[in-house]
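Below is one structure; the comments refer to it alone.
Numbering of ligands and ligand atoms starts at 1, following listing order. Given the structure is predicted, the values throughout are model-derived calculations rather than measurements.
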Amino acid sequence: MHIHLINPNTTAGMTATIRDAGIAIAASGTRVTASQPDSGPVSIEGHFDEAISAVGVTEEIMRMDRESPADAYVIACFGDPGLLAAREITRAPVIGIAEAAFHMAALISTRFSVVTTLGRTVIIAEHLLDQYGFSHQCRRVRAAEIPVLDLEDDGDRALEKIIEESCRARDEDGIGAIVLGCGGMANLTETISREVGLPVVEGVTASVKLAEALVGLGLSTSKVGDLAFPRAKTFTGQFSHLSGL
Ligand SMILES: O=C(O)C[C@H]1NC(=O)NC1=O
């Protein structure tokens, strides 16, 4: 099977980190590819960045479905930008890394905390916890206070701060697991788990395994109701190419 990972920000180095983590966890019969939009924010650190990146996510899925259809798609940003829109435009399963990580964490612990990047994005994870129905199991969404691209540009310091915040969560939150709140943390799972002494759930790898399960079960996105393909209509301006889809 073919799983395609989409990094919604436009930083190729982070796409490579995401891709390598996906390849490492994939089953022997699974081919993992990855891409990022040509246009959009180099990092996603708030509501505005999320909104802009959602267009790039849907464009990437439409491009792949035209050129090299995947059996499943993963949106590899912890805000799950464009998730439902993406599910409308393809038959393949589409998994957001936050939703996947919450499900996996809930299967191995009764309480978990999330450690993400900047404090201003905490509310985004809190909104998703509420939307997906995991608020009662998540004790707290914490921020290591690192800009997203520090994961690429200042990795050692970023890792140190993520571990520090994860240890505070372990000591203060009464939890059994940690969820990593950024696609760019996809290569840090084992190190953080070893240093903190708790199971660590990371969304990219969780998504790949969930995608394998869905495809293996022969399940795809329902085209009945709200996730049916969009109603054909005229689009104007920079989106005119979407007319009549
Ligand atoms: O929301 C965040 O802090 C993390 C999110 N931003 C990004 O560019 N990739 C992500 O996973």
*Among P41, P37, S39, find the one that has a side chain to side chain contact (heavy atoms under 4.5 Å, CB included) with I52.*
P41
*asked:* With respect to S43, determine whether any N or O atom, backbone or side chain, lies less than 3.5 Å from an N or O atom of ligand 1.
replied: no
*Check whether any N or O atom of G79, backbone or side chain, sits under 3.5 Å from an N or O atom of ligand 1, and answer yes or no.*
no
*Between A105 and V179, what is the shortest heavy-atom contact and its length?*
CB-CG2, 3.5 Å
*Hey, is the main chain of V42 close enough, under 3.5 Å, to the side chain of T11 for a donor-acceptor pair?*
yes
*Among all protein heavy atoms, pick out the one at the shortest distance from atom 5 (C) of ligand 1; state its residue, atom name and that distance to 0.1 Å.*
C77 SG, 3.6 Å
*Do NZ/NE/NH1/NH2 and the carboxylate oxygens of K161 and D150 come within less than 4.0 Å?*
no
*asked:* Looking at ligand 1, is there an atom of it that comes within less than 4.0 Å of some heavy atom belonging to A125?
replied: no
*Taking the non-hydrogen atoms of T121, is any one of them nearer than 4.0 angstrom to ligand 1?*
yes
*N/O of G183 under 3.5 Å from N/O of ligand 1, yes or no?*
yes
_Does ligand 1 come near enough to I44 that some N or O of the ligand is less than 3.5 Å from an N or O of the residue?_
yes
*Would you find a donor on one side and an acceptor on the other, under 3.5 Å apart, between the side chain of R120 and the backbone of E45?*
yes
*Plane angle bin for H241 and F239 - parallel if under 30°, tilted between 30 and 60°, otherwise perpendicular*: tilted
*Are E165 and R168 close enough for a salt bridge, meaning some N to O gap below 4.0 Å?*
yes
_Counting non-hydrogen protein atoms only, what is the nearest one to atom 4 (C) of ligand 1? Give residue, atom name and distance._
C182 SG, 3.5 Å
*Measure the distance from atom 3 (O) of ligand 1 to every protein heavy atom, then report the residue, atom name and distance (to 0.1 Å) of the closest one.*
T117 OG1, 2.4 Å
*asked:* So if I count the atoms of ligand 1 from 1 in the order they appear, which ones are less than 4.0 Å from some heavy atom of V148?
replied: 3 (O), 6 (N), 7 (C), 8 (O)
_Contact check: N9 vs ligand 1, nitrogen or oxygen atoms, below 3.5 angstrom_ = yes
*Taking every non-hydrogen atom, the tightest pair across G40 and T10*: O-OG1, 3.5 Å
